[in-house]
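So that the names make sense, note that chain A is the first sequence line, chain B the second, and so on, each numbered from 1. Because the structure is a prediction, the values reported are computed rather than measured.
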Protein chains: 2
Amino acid sequence: MAGVSRKASKTGAANATTADLVAVLVAVTDGEPKIMTIANAGALPSGPFEFAHRSLQTGLRAWVEAQTGHPLGYVEQLYTFADRGRAGDAKSPHSISISYLGLTREDKVGHGFEAHWSGWYEYFPWEDQRSGLPATLAKTLASRLRAWSKSAATASLQRERWQRVAITFGLDEREWNEELVLQRYELLYEAGLVPEAVRDGASAAAVIPGRPMSGDHRRILATGIARLRAKIKYRPVVFELMPSEFTLLQLQRSVEALAGRLVHKQNFRRLIEQQQLVEETGAIAADTVGRPAKLFRFRHGVLAERAVVGTKLPLSRT
Amino acid sequence: MAGVSRKASKTGAANATTADLVAVLVAVTDGEPKIMTIANAGALPSGPFEFAHRSLQTGLRAWVEAQTGHPLGYVEQLYTFADRGRAGDAKSPHSISISYLGLTREDKVGHGFEAHWSGWYEYFPWEDQRSGLPATLAKTLASRLRAWSKSAATASLQRERWQRVAITFGLDEREWNEELVLQRYELLYEAGLVPEAVRDGASAAAVIPGRPMSGDHRRILATGIARLRAKIKYRPVVFELMPSEFTLLQLQRSVEALAGRLVHKQNFRRLIEQQQLVEETGAIAADTVGRPAKLFRFRHGVLAERAVVGTKLPLSRT
DNA sequence: TTGGCTTATACTTATCCTGAGCATAACCGA
DNA sequence: TCGGTTATGCTCAGGATAAGTATAAGCCAA
């Protein structure tokens with residue numbers, strides 16, 4: 001084992017690869033989650049990894065700022081992929097994509113840049129469960145997935161497939177789990193129901209709605225959405241997507257947009273207030289219908305005060 | 001932006017890098033967490049990324065199996081680092097480390113391989129809070145950290161530093177948070193209190209106990225421990241580290257070993273049982289002191305039945 | 001054989017958190 | 001002034017959690 005390690009550093013040239021950074025840049029505008037896209041909304045922004053920065057993180061930050069003309073709020077690494085498409089070709093140098101999740105606001109993008117923002121549910125229509133799925137989409141999905149299950153060789157494999165479908169898509173009385181974005185996409189890919197699968201060699205089955213992307217980008221996007229949906233539950237990252245002042249309903253709408261689900265209004269407020277995440281600005285929202293709401297701002301102090309992580313272990317206090 | 005993307009694929013040769021896989025392989029033996037090490041316990045096993053596999057994951061799996069002679073249970077990607085040490089040299093090709101967390105059992109390692117297992121608390125003595133810290137270590141840590149806080153330029157910077165110290169190390173009446181492994185290591189690095197910092201150019205301050213590793217490896221290990229400590233709370237991954245049959249106390253000891261904290265016995269059992277994670281084998285533990293305990297086994301079925309993810313959003317059911 | 005030590009396992013209790021709903025307040029426009 | 005709309009305060013039941021008490025079942029030494 002030690003030998004392997006030493007060999008690795010000696011033969012550096014032999015394992016040369018190309019590395020790219022891929023960014024999932026998210027904003028929420030008018031209660032809709034958006035992502036920055038290029039190539040006519042068919043790809044995520046990406047660039048070569050050729051920075052002289054201390055870390056990948058600052059490299060991405062610098063690159064995005066150079067491209068968009070505006071600083072990036074929250075950044076976190078997502079995942080490192082070996083491109084699925086080119087992997088079959090064992091002779092070519094491997095291509096690695098290091099993906100990042102970044103949170104900003106749409107209005108922060110400077111002018112003169114050719115960035116586009118696309119609603120993320122264009123790529124994953126089934127992920128928006130805020131008002132249930134459109135009946136036609138729900139039916140299409142269910143029937144195609146059932147057909148795929150049935151196409152397995154043995155009865156037990158068929159049952160296995162359907163159980164997986166039911167869990168990831170919340171069928172058969174099961175609950176919808178909004179965090180399983182990646183699992184759902186990968187299942188659809190496996191079932192040959194997305195254009196990328198057909199492109200990569202699957203038999204051209206009937207494809208379901210949802211705009212494809214080039215390369216692995218839709219998979220990377222799914223990873224980003226899943227991560228963000230998990231993160232908003234235990235870290236106050238939504239505020240990176242909000243204007244400096246907002247009403248509690250606006251905040252709620254943003255969370256709902258990201259989660260793809262509706263939340264209980266009063267309980268949502270209780271949650272926010274008891275965690276002391278926000279403070280009143282004193283101002284009142286203007287030009288609204290109904291009773292005017294108080295404006296709040298994020299209490300940046302909480303980030304310094306707390307290191308919020310939830311415990312599920314029955315820790316002993318003694 | 002689209003231009004940048006296109007340029008990236010054209011100049012593939014220009015952004016060549018070397019990529020290595022680094023593995024944090026964990027086992028728990030006799031209530032002590034161990035990691036596989038090489039180079040006289042001074043480095044994590046690592047190898048070049050030169051596999052013709054479909055994914056990085058299977059690449060790592062194959063490599064570990066070849067090296068240790070045994071299959072790997074659970075595998076997950078940790079993080080991709082640009083090596084901190086070599087980053088200053090902007091001319092050299094960048095080196096990227098893609099790190100993975102893997103769970104096995106020590107006895108699974110075949111013979112004839114030169115793998116070594118080291119207790120992970122050798123590298124992070126302060127992370128074992130099961131029986132409190134040894135008084136001397138606690139004192140050394142606190143005083144060195146306070147000195148570092150005091151060495152800041154202004155009073156406000158000093159306060160800021162100390163608040164960070166207090167939060168990450170649970171000082172000043174704050175609670176210890178076992179998940180902040182990486183934050184603690186990085187703070188110690190920043191404060192120049194670990195050998196790696198001195199090696200990388202920090203002034204040779206008084207260094208605290210804890211065995212160093214080459215390169216970024218101790219940072220990668222910290223990332224792995226943190227990830228595992230978080231994961232055991234919401235996914236049944238501990239069982240990958242257990243023998244096929246075990247008592248509830250053994251299970252508890254393993255969890256405690258990983259978390260570095262003690263848990264409440266009765267509540268721990270209730271938690272395990274109500275989640276239906278285990279089932280009785282019918283057998284009884286032999287050669288023990290005290291009342292003999294029932295033996296249990298992991299119910300592998302739960303993995304298929306559930307997609308356990310916790311919700312903290314006040315979701316609306318209507 | 002019995003008392004003491006150790007661990008296993010069953011119950012109890014108080015408290016907090018969560019989901020859900022009711023009620024009232026404050027604004028607008030017809 | 002009434003109806004529509006959103007804001008905000010409050011209650012209530014059920015479940016989860018933290019912590020402790022009590023009893024069971026082995027072993028060993030006196």
Peer 1: According to the salt bridge (Lys or Arg N to Asp or Glu O under 4.0 Å) rule, which pairs have a member within residues 240-250 of chain B, sequence neighbours left out?
Peer 2: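 The answer is none; no pair qualifies.
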Peer 1: Within residues 263-270 of chain B, find the residues that approach DNA chain D with a heavy atom at under 4.0 Å, and present them sorted by residue number.
Peer 2: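 Correct list: B/H264, B/Q266, B/N267, B/R270.
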Peer 1: Tell me every residue that passes ring pair (Phe, Tyr, Trp, His ring centres under 6.0 Å) with A/F298, counting only those two or more places apart in sequence or in another chain.
Peer 2: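 If we apply the ring pair (Phe, Tyr, Trp, His ring centres under 6.0 Å) test to A/F298, skipping adjacent residues, the hits are A/F239, A/H300.
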Peer 1: Applying side chain to side chain donor-acceptor pair (under 3.5 Å), which residue pairs with at least one partner in residues 163-172 of chain B are found, sequence neighbours left out?
Peer 2: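 Sorted result for residues 163-172 of chain B: B/W162-B/D172, B/R164-B/E190.
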Peer 1: Look at all strands and tell whether B/L249 reaches a base, only sugar-phosphate, or nothing, counting heavy atoms closer than 4.0 Å.
Peer 2: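 Counting heavy atoms under 4.0 Å across all strands, the contact made by B/L249 is with sugar-phosphate only.
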Peer 1: With the threshold set at 4.0 Å, does a side-chain nitrogen-carboxylate oxygen contact exist between B/E127 and B/R229?
Peer 2: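 The answer is yes: the pair qualifies as a salt bridge.
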Peer 1: I need the CG-P distance between B/L251 and C/dT9, as an integer number of Å.
Peer 2: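 The distance from CG of B/L251 to P of C/dT9 comes to 13 Å, rounded to the nearest Å.
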Peer 1: For B/Q276, check side-chain contact (heavy atoms from CB on, under 4.5 Å) against everything at least two apart and list the hits.
Peer 2: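 Applying side-chain contact (heavy atoms from CB on, under 4.5 Å) to B/Q276 gives B/R299.
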Peer 1: Report yes if some heavy atom in the side chain of B/L228 is under 4.5 Å from a heavy atom in the side chain of B/V26; otherwise report no.
Peer 2: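 Side chain of B/L228 against side chain of B/V26, heavy atoms only: contact under 4.5 Å found.
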Peer 1: Tell me every residue that passes side-chain contact (heavy atoms from CB on, under 4.5 Å) with B/E32, counting only those two or more places apart in sequence or in another chain.
Peer 2: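 Testing B/E32 for side-chain contact (heavy atoms from CB on, under 4.5 Å), a comparison that skips the adjacent residues, returns B/K34, B/Y121, B/R130.
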Peer 1: Between atom CZ in A/F296 and atom P in D/dT6, what is the gap in whole Å?
Peer 2: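 Nearest whole value for this atom pair: 18 Å.
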Peer 1: Show me, pair by pair, the donor-acceptor contacts under 3.5 angstrom made by side chains of residues 249-258 of chain A, not counting sequence neighbours?
Peer 2:
residue, atom, partner, partner atom, Å
A/Q250, OE1, A/T247, N, 3.0
A/Q252, NE2, A/E256, OE2, 3.1
A/Q252, NE2, A/V263, O, 3.3
A/R253, NH1, A/E256, OE1, 2.7
A/S254, OG, A/Q250, O, 3.3
A/E256, OE2, A/V263, N, 3.0

Peer 1: Toss me the dot-bracket line for DNA chain C: Watson-Crick and G-U wobble, both under 3.5 Å, 5' to 3', using | for pairs to another strand and [ ] for crossers.
Peer 2: ||||||||||||||||||||||||||||||
Peer 1: Could you state the NZ-P distance from A/K294 to C/dC27, rounded to the nearest angstrom?
Peer 2: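 Atom-to-atom, A/K294 to C/dC27, this comes out as 12 Å.
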Peer 1: Return the value, rounded to whole Å, for the distance between atom CD1 of B/I272 and atom C1' of D/dA16.
Peer 2: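 Between C1' of D/dA16 and CD1 of B/I272: 15 Å.
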Peer 1: Go through the structure and list residues passing side-chain contact (heavy atoms from CB on, under 4.5 Å) with A/Q274, not counting sequence neighbours.
Peer 2: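 Scan of A/Q274 (side-chain contact (heavy atoms from CB on, under 4.5 Å), adjacent residues dropped) gives A/R270, A/L271.
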Peer 1: Atom pairs under 3.5 Å, N or O on each side, protein against nucleotides 25-30 of chain D: can you list them with distances?
Peer 2:
residue, atom, partner, partner atom, Å
D/dA25, O4', B/R291, NE, 3.3

Peer 1: Could you work out, with salt bridge (Lys or Arg N to Asp or Glu O under 4.0 Å) as the rule, every residue matching B/E280, not counting sequence neighbours?
Peer 2: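 If we apply the salt bridge (Lys or Arg N to Asp or Glu O under 4.0 Å) test to B/E280, skipping adjacent residues, the hits are B/K294.
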Peer 1: Could you tell me the separation between the CD atom of B/E273 and the P atom of D/dA16, rounded to a whole number of Å?
Peer 2: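 To the nearest whole Å, that distance equals 15 Å.
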Peer 1: Taking side-chain contact (heavy atoms from CB on, under 4.5 Å) as the test, write out the residues that go with A/R227, two or more places apart.
Peer 2: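 If we apply the side-chain contact (heavy atoms from CB on, under 4.5 Å) test to A/R227, skipping adjacent residues, the hits are A/E76, A/L78, A/L101.
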Peer 1: Of A/Q274 and B/T247, whose closest DNA chain C nucleotide lies nearer the 5' terminus?
Peer 2: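 Counting from the 5' end, the first nearest nucleotide belongs to B/T247.
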Peer 1: Could you state the atom-to-atom distance from CD of B/Q275 to C1' of D/dG15 in whole Å?
Peer 2: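 Atom CD in B/Q275 sits about 14 Å away from atom C1' in D/dG15.
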Peer 1: Measure CG/B/L271 against P/D/dA19 and give the value in whole Å, please.
Peer 2: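 Going from B/L271 (CG) to D/dA19 (P), I get 14 Å.
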Peer 1: Which whole-number value in Å describes the distance from B/Q252 CD to C/dT9 P?
Peer 2: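 Value for this atom pair: 12 Å.
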